[in-house]
Amino acid sequence: MIVAMQENATDEQIDGVIGAMEEAGVHVHRTTGTIQTILAGVGPTAGLDLAQFEVLPGVEHVHRISSPYKLAGRAWRPEGTVVEFANGVRIGGDQVHVMAGPCSVESRELLEETARRVKAAGGSFLRGGAFKPRSSPYAFQGLGIPGLQLMRQVADAHGLLTISEVMEIAQIEPMLPYVDCFQVGARNMQNFNLLRELGQTRKPVLLKRGMAATLEELLLSSEYILSGGNYNVILCERGIRTYETATRNTMDIAAIPVLKKLSHLPVVGDPSHGTGRRDMVAPMAKAAVAAGADAILVEVHPNADKAASDAAQTLYLEQFEKLMAELKVIAAAVGRTL
Ligand code: PEP
Ligand code: MN
C-alpha cells in the first residue's frame, strides 16, 4: 500500500501513520520528496481496510499497489530516485554520466591510460571486472581483489568513481573499500540470495537485466535489494537473447522508457554487451541517451583488439572520445547535460 502524506504534514503526523501501519503488521519504507512524504507499506496488506489510514491526521490519500513490485514502482517515489556518489556525481539527475573502462581489469599500465582518457573525455566512472563470469572455465577469470585495489588507486588518481561486478555473497565485504558501485551481472540478476545481501548494504548497486529476463522480472529482482532498505539501485539494459544473430544480443532500447515509466529507479544503457560489436556501440549509446538513459556503461581499452575479454565489442580510445562528443549533443537535444 502507498500512503501519500499531505504537503504540510508534521513529523508527528508522519510518525503516527508509520506507527499505525506497523501495528497492522506492515513494514514501512519512507521516502521524502521535495513536495511530500510517501510511505510504502509492504507485507500482509490484503485484508486491511485502507480507510483506517485515510482518516489519520496528515494523510492525503491511500491506495493499494497493484504491481507485484512495491518499492521499485514509481508510485513510491514519483519524482524519481537520484543515486548520489562522491565527486558530486548523481545518477538519475539532469546530467547523463558515462561509466567506461575495460571489460576486465588487466594491468596498471592499461588501466592508467584508460582512466586518463576516460576522465579527459568527461567520464565519471572507471568500470572493470575483477571477478569475471565467463562462459568457459578456461577463459580469463579476472584478477580478483588485487585487480580491485589497482582500480581504486588508478580511479582515485584521476578523480573517477569505480564500478565492478560482484558475483557472490562472500565477495561483498572484501569489495566494499574498492568499489563505489557494485555491478550485478546479467547472469546473476536472479541470484536472489546475493540480491538480498546487497540489500543489507547501503552501497549503490547497478543491476543488469538478465539475458532472458522480462522487465517485470528485472523490477522484481531490484525489489530484493530495495526491500532490505538499500534504495540505491540503478537498472541496466544490456541486451537480451532473441532469434537475431547479427548482434551478440538485441539491445532493447524500448526498455529504457518503459522502465522510466514503471519505476523511479535510474536506468543505464550498456551498448557494449547490448550489441557485442564495436561498430554498433556508438549508435546504440546515442539511442540510449536519446531514449532517456541516465548513464551509459561502455567498454573501452587502449589495445581493444587484444582485450582479455569482450575484445570484439570494446571501443578504441579514439572511438570512445568521438562518442563522448556526440553524446554531449544528443544529451543537449533531450534537455540534459553530459
Ligand atoms: C560486463 O559488464 O563485463 C559483464 C559481464 O556484463 P553482463 O553481465 O551484462 O554480461
Ligand atoms: Mn564485458
Side-chain angles (χ1 to χ4, degrees), residues 97-106 110-111 114 118 123 125-137 139-144 147-148 151 161-168 171 175 179-191 194-195 198 204-213 215 217-218 221-222 225 233-242 247-253 255-256 259 267-278 280-281 284-285 288 293 295-316 320:
H97 287 276
V98 173
M99 307 168 163
C103 179
S104 306
V105 174
E106 297 173 35
L110 290 168
L111 209 55
T114 309
V118 166
F125 283 78
L126 183 61
R127 67 141 286 150
F131 297 109
K132 294 303 301 177
R134 305 305 303 280
S135 298
S136 163
F140 177 57
Q141 305 284 305
L143 298 180
L148 291 173
M151 199 169 160
L161 298 160
T162 62
I163 175 166
S164 195
E165 178 163 355
V166 57
M167 285 174 52
E168 55 165 308
Q171 292 163 353
M175 284 180 74
V179 296
D180 295 302
C181 188
F182 284 116
Q183 175 176 319
V184 174
R187 292 155 192 80
N188 273 311
M189 188 203 86
Q190 289 187 314
N191 182 340
L194 175 63
L195 300 178
L198 289 166
V205 179
L206 179 139
L207 177 64
K208 287 194 165 197
R209 181 183 187 180
M211 53 187 93
L215 296 178
E217 286 164 341
L218 172 61
S221 286
S222 77
I225 306 169
V233 179
I234 301 166
L235 305 171
C236 179
E237 164 60 33
R238 49 77 72 204
I240 48 174
R241 280 257 167 101
T242 66
T247 47
R248 178 184 181 186
N249 292 295
T250 298
M251 178 102 181
D252 182 8
I253 293 290
I256 297 167
L259 289 170
V267 180
V268 170
D270 170 358
S272 302
H273 297 85
T275 62
R277 301 171 49 127
R278 72 168 65 89
M280 299 297 161
V281 169
M284 286 297 102
I296 296 295
L297 181 71
V298 68
E299 290 180 341
V300 57
H301 188 291
N303 198 357
D305 298 315
K306 298 271 162 25
S309 54
D310 284 349
Q313 69 193 33
T314 298
L315 295 181
Y316 303 121
F320 172 73

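Order of listing sets the numbers, starting from 1, for every ligand and every atom in it.
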- Measure from NZ or CZ of Arg278 to the centre of the six-membered ring of Tyr316 and say whether it is under 6.0 Å with the direction within 45° of the ring axis. yes
- Message: Is it the case that the side chain of Arg127 and the backbone of Pro102 share a donor-acceptor pair, with hydrogens and angles ignored and the cut-off at 3.5 Å?
- Response: yes
- Query: Is it true that a side-chain atom of Glu237 and a backbone atom of Ala255 form a donor plus acceptor pair closer than 3.5 Å?
  - Reply: no
- Task: Looking only at protein heavy atoms, identify the closest one to atom 6 (O) of ligand 1 and say how far it is in Å.
- Result: Lys208 NZ, 2.9 Å
- Please determine if Gly185 has a nitrogen or oxygen closer than 3.5 Å to a nitrogen or oxygen of ligand 1. no
- Message: Minimum heavy-atom separation for Gly101 and Thr114, please, with both atom names.
- Response: CA-CG2, 3.9 Å
- Message: Testing the 3.5 Å rule here: is there a donor-acceptor pair between the side chains of Asp310 and His273?
- Response: yes
- Backbone or side chain, does any N or O of Glu299 fall under 3.5 Å from an N or O of ligand 1? yes
- Message: Please work out, at 4.0 Å between heavy atoms, whether the side chain, the backbone, both, or neither of Arg127 comes within that distance of ligand 1.
- Response: side chain
- Item | Distance filter under 4.0 Å to Cys103 heavy atoms, resulting ligand 1 atoms | 3 (O)
- Could you find the nearest protein heavy atom to atom 9 (O) of ligand 1 and give me its residue, atom name and distance? Arg238 NE, 2.6 Å
- Item | Taking atom 8 (O) of ligand 1 as the reference point, the nearest protein heavy atom with its distance | Ala186 N, 2.7 Å
- Message: To the closest 0.5 Å, what do you measure between CZ (Phe182) and CG (Leu206)?
- Response: 12.5 Å
- Message: Please check whether Asp310 reaches ligand 1 - meaning an N/O of the residue sits under 3.5 Å from an N/O of the ligand, judged on distance alone.
- Response: no
- Among protein heavy atoms, which sits nearest to atom 4 (C) of ligand 1, and what does the distance come to when rounded to 0.1 Å? His273 NE2, 3.3 Å
- Distance-only side-chain donor-acceptor flag, Gln313 / Glu299, under 3.5 Å: yes
- Query: How many degrees, to 10°, between Glu299 OE2 and Asp310 OD2 as seen from the Mn ion (ligand 2)?
  - Reply: 120°
- Item | Pair Thr247-Thr275, side-chain donor/acceptor within less than 3.5 Å | no
- Do any heavy atoms of Lys132 fall under 4.0 Å from ligand 1? yes
- Examine Glu165 against ligand 1 and note whether any of their N/O atoms are separated by less than 3.5 Å. no
